[in-house]
Protein chains: 2
Amino acid sequence: MTPQRRLVLDAVSSLGHATPDEVLVRVREQASGVNASTIYRSLELLEELGLVRHSHLGSGPSTWHAASHSGHLHLVCRSCGSVTEVDVSLAADLVGRLERDTGFKSDMEHFGVQGTCADCLAAARDA
Amino acid sequence: MTPQRRLVLDAVSSLGHATPDEVLVRVREQASGVNASTIYRSLELLEELGLVRHSHLGSGPSTWHAASHSGHLHLVCRSCGSVTEVDVSLAADLVGRLERDTGFKSDMEHFGVQGTCADCLAAARDA
DNA sequence: CTTACTGCAAATATTTTGCATTTGG
DNA sequence: CCAAATGCAAAATATTTGCAGTAAG
């Protein structure tokens with residue numbers, strides 16, 4: 001565990017859902033010389049070690065979070081970009097049915113669920 | 001509706017889930033001079049017109065399909081890359097619960113569900 | 001020492017944009 | 001003719017890779 005890798009892990013842990021670029025910015029607040037490729041390589045390594053995970057929440061870059069911070073679905077609002085977390089158990093029904101019907105074992109955490117959040121729906125109603 | 005746009009629509013319709021690059025290749029079989037930027041611009045326009053849609057099935061480029069060909073979830077196998085379609089109604093339970101609990105209105109079609117397909121699970125068991 | 005890690009620069013891959021040319025109404 | 005669409009080239013974005021220098025065991 002090098003200093004750079006520790007900084008990457010700390011950044012991911014404190015940022016929540018961070019893109020590699022956001023991690024880079026945070027890491028550089030602590031150590032200015034760190035390069036983007038080190039971020040990518042560290043994230044990959046930390047994922048192999050099971051310390052962090054990545055998810056695809058939208059069309060942009062993937063986001064990373066600490067492995068300890070898992071067990072939830074990501075609800076991604078297309079309108080305002082907000083990301084809401086809900087317990088992954090809410091999808092247990094769907095996951096179970098998919099497995100029974102097609103034999104497919106789903107990982108609902110890896111991708112975000114796109115849609116529109118309550119606030120944006122309300123704003124659209126008011127407009 | 002220009003000749004290029006018609007070719008793009010035809011390509012999307014016949015290819016199923018195609019990336020912009022796959023659409024380009026198909027279009028060039030009919031008209032060799034077509035440029036990639038025309039593909040992107042045509043897809044965008046056709047989506048505004050409601051004739052095609054795009055989904056994010058994995059970490060790579062988005063894929064496009066005819067609007068007539070919708071109403072299903074995409075089950076994307078991480079292991080072999082296969083894409084299985086199942087009726088979107090299977091997710092009605094989850095969608096309803098998310099809306100009731102958090103006010104979030106989900107579009108389950110827009111993102112693929114990652115996981116492992118039955119074949120790859122079987123292969124892993126045999127190995 | 002020597003193996004592994006890092007920074008740097010360049011290469012990839014994907015998508016977007018500006019602009020001159022062409023096309024179709 | 002005029003407005004819109006296209007092709008082309010370059011820019012923008014995101015990520016990966018080769019390589020040489022650095023650092024830690």
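Letters A, B, ... mirror the listed sequences (proteins, then strands); counts begin at 1.
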What pairs of residues pass the side-chain hydrogen bond (donor to acceptor under 3.5 Å, both in side chains) test when at least one of them lies in residues 5-14 of chain B, not counting sequence neighbours?
Ser14(B)-Arg26(B)
Short of 4.0 Å, heavy atom to strand atom, which residues of residues 27-46 of chain A count as contacting DNA chain C?
Gly33(A), Val34(A), Asn35(A), Ser37(A), Thr38(A), Arg41(A)
Contacts satisfying salt bridge (charged side-chain N to carboxylate O under 4.0 Å, His left out) that involve residues 50-73 of chain B (not counting sequence neighbours) are none
Between His72(B) and His65(B), how do the two ring planes meet: parallel, tilted or perpendicular, split at 30° and 60°?
tilted
Would you say that more than 12 heavy atoms from the other residues, nucleotides or ligands in this model lie under 6.0 Å from the CD of Glu44(A), or not?
no
Which pairs with one or both residues in residues 70-90 of chain A pass salt bridge (charged side-chain N to carboxylate O under 4.0 Å, His left out), sequence neighbours excluded?
Arg78(A)-Asp107(B)
Return the residues of residues 54-67 of chain A meeting this criterion: a heavy atom under 4.0 Å from some atom of DNA chain C. Order them by number, or give none.
none
Which residues within residues 4-23 of chain B lie with some heavy atom under 4.0 Å of an atom in DNA chain C?
Pro20(B)
Between His56(A) and His56(B) (judged by ring centroids, cut-off 6.0 Å), do the two rings come close enough to count as a pair?
no
All heavy atoms of Ala67(A) vs all of Gly50(A), minimum pair found to be CB-O, 3.1 Å
For the student: nearest non-hydrogen atoms of Trp64(A) and Leu43(A), plus distance
CZ3-O, 3.6 Å
Mind checking whether Val86(B) and Thr102(A) have side chains closer than 4.5 Å, heavy atoms only?
yes
Decide yes or no for Glu109(B) and Ser70(B): does some side-chain heavy atom of the first lie under 4.5 Å from some side-chain heavy atom of the second?
yes
